[in-house]
Amino acid sequence: MDSTENNQSINLPNSLQAQVEERGLEDAQVSIAEAGEEEATAAAPGEVSAGPQSAERASTPPTTMGGASSGEASDNEEGEVAEPESSQQSILNGKIVDLVRFLLIKFRRMELTTKAEMMNRAMRDYEEYYSVIFSKASECMMLIFGIDMMEVDPFVHAYFLFPALGITYDGMMHGVLGVPKTGLVIIVLCVIFIEDNCVSEEVFWDVMNSLGLYAGANHFIFGEPKSLITEYFVQEGYVEYRQVHNSCPPRYEYLWGPRAYAETTKMKVLEFYASIVKQDPRSYHGKYEEALRDEQERA
């Protein structure tokens, strides 16, 4: 790995929560995680149950942020002060959370969803902001949960949700039940790949700690991460967790498991990593060349 890559190595955000905060959803972590429980309490198939906060958001459509017409502005009583833009952004963030919760339910049910259904179920009265809400919600699904969305019918804008990067494991039966863990699988594969395909347990958990994941402590999305990674991810074949040869006292290291090699590629993982740190994959020269060789060997 060259000096440039050494400076960039494991340059992930300070925490997975930072991915939520960057998208203006810092008050939504628990709400998003609770979507794992939503299936049992949904009022109707495909419908997100609306608590008091959701009802309040739904009854207060945005009127600033460039969305109000001159006619709407003239209807305000004289002297009425418009809501601060930050308040309107908070309202939109709430709709992004509502859509993420709805999409997680559709993913668990393995159901298609459409633009019309998303607007009706998760952003009613917010249709003019559809593109912004949809873009940020789909980005959240990818970067946090490892769930991708593919448009399967462009005429009605129908989408199918599936684990990203070719991974077939969703992890919903492990850790926090009902919440996809594919995003963590991908993060683990990123760390191992960037660290020359083999990372010591000490370095690995230094990185996990920087992401807000601590061995023995429950995470709001993933549950207890060490058992999730060293037991379930190992059992599923995505991670190899082995003792360092001749180490005394015993030390351990992490590598890609056979299922990771079978289902995804180094290039896909590098591109995902680069998207998180907002870099061009080609800026990681050695890693990019390695990923290209891997692609050629698979061809």
Side-chain angles (χ1 to χ4, degrees), residues 1-2 5-6 8-12 16 107 141-150 160-175 180-208 211 213 222 225-245 247 250-277 279-299:
M1 187 179 297
D2 63 27
E5 289 177 324
N6 281 329
Q8 293 175 317
S9 182
I10 314 300
N11 187 29
L12 291 167
L16 290 173
F107 173 75
M141 291 291 290
M142 168 64 88
L143 295 181
I144 297 175
F145 297 103
I147 302 302
D148 204 354
M149 298 182 67
M150 178 173 62
F160 178 69
L161 293 91
F162 58 98
L165 277 60
I167 303 297
T168 60
Y169 168 78
D170 58 36
M172 292 194 296
M173 298 305 295
H174 301 144
K181 316 299 185 307
T182 311
L184 183 57
V185 172
I186 295 171
I187 289 293
V188 170
L189 297 181
C190 285
V191 172
I192 295 171
F193 175 54
I194 296 298
E195 283 291 319
D196 290 332
N197 304 300
C198 180
V199 57
S200 69
E201 187 164 36
E202 294 78 12
V203 171
F204 180 83
W205 282 105
D206 280 346
V207 177
M208 292 296 109
L211 297 174
L213 294 160
F222 303 117
K226 186 167 185 178
S227 63
L228 184 62
I229 295 167
T230 60
E231 295 178 23
Y232 296 115
F233 290 3
V234 170
Q235 290 173 11
E236 294 292 334
Y238 289 103
V239 175
E240 182 181 353
Y241 178 62
R242 71 184 185 189
Q243 183 177 340
V244 176
H245 185 62
S247 60
R251 292 183 294 107
Y252 294 86
E253 58 191 6
Y254 294 86
L255 303 89
W256 280 26
R259 191 171 171 187
Y261 282 106
E263 292 184 353
T264 193
T265 68
K266 293 178 179 180
M267 184 61 76
K268 289 178 180 178
V269 168
L270 179 60
E271 289 172 347
F272 182 91
Y273 174 83
S275 73
I276 295 177
V277 298
Q279 297 285 337
D280 188 317
R282 287 181 286 270
S283 66
Y284 297 88
H285 306 295
K287 295 284 101 180
Y288 188 76
E289 291 175 2
E290 179 183 344
L292 280 179
R293 290 194 300 271
D294 180 62
E295 297 278 287
Q296 293 167 357
E297 291 170 1
R298 290 169 180 263

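One is the number of the first residue; the rest follow in order along the sequence.
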Exercise. Less than 6.0 Å separating the ring centroids of F107 and F145?
Worked result: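 Not under 6.0 Å, so no.
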
Problem set entry | Neighbour count >12 (heavy atoms, 6.0 Å) for atom CE, M173 | no

Do [X] and [Y] come close enough that some side-chain heavy atom pair is under 4.5 Å?
X: T264; Y: F272; answer: no
X: F193; Y: Y273; answer: no
X: E201; Y: K226; answer: yes

To the nearest 0.5 angstrom, please state how far the [atom1] atom of [X] sits from the [atom2] atom of [Y].
X: E271; Y: C190; atom1: CD; atom2: SG; value: 11.0 Å
X: Y284; Y: Q279; atom1: OH; atom2: CD; value: 5.0 Å
X: Y254; Y: L189; atom1: OH; atom2: CG; value: 13.0 Å
X: I187; Y: L213; atom1: CD1; atom2: CG; value: 9.0 Å
X: R282; Y: L270; atom1: CZ; atom2: CG; value: 10.5 Å
X: T168; Y: L165; atom1: OG1; atom2: CG; value: 12.5 Å

Exercise. Donor-acceptor pair, R259 side chain versus E236 backbone, under 3.5 Å?
Worked result: yes

Exercise. Within the distance-only criterion (no hydrogens, no angle test), does the side chain of T182 pair as donor or acceptor with the backbone N or O of Y169 below 3.5 angstrom?
Worked result: yes

Please give me the minimum heavy-atom distance between [X] and [Y], naming the atom from each residue.
X: I147; Y: P163; value: CD1-CA, 4.1 Å
X: I186; Y: G146; value: CD1-CA, 4.3 Å
X: A164; Y: M142; value: CB-SD, 3.6 Å
X: C198; Y: E253; value: SG-OE1, 3.2 Å
X: Q243; Y: P250; value: NE2-CB, 3.6 Å

For this session: May I ask you to say whether E297 pairs ionically with K266, meaning some side-chain N is under 4.0 Å from a carboxylate O?
Result: no

For this session: State plainly whether the residues K287 and E290 are in salt-bridge range, i.e. N to O under 4.0 Å.
Result: yes

Problem set entry | Residue among W256, F204, Y252 satisfying ring pair (Phe, Tyr, Trp, His ring centres under 6.0 Å) with Y241 |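 It is Y252, the one option of W256, F204, Y252 that forms the ring pair (Phe, Tyr, Trp, His ring centres under 6.0 Å) with Y241.
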
Problem set entry | side chain to side chain contact (heavy atoms under 4.5 Å, CB included) involving Q296 - partner list, sequence neighbours excluded | none

Exercise. Taking atom types as modelled, is there a side-chain donor on Y238 or E263 under 3.5 Å from an acceptor on the other?
Worked result: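 Present: a donor and an acceptor within the cut-off.
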
Problem set entry | Audit row: Y288, H285, side chain to side chain contact (heavy atoms under 4.5 Å, CB included) steps and yes/no | CA-CA 5 Å; Y288 188 76; H285 306 295; 5.9 Å; no

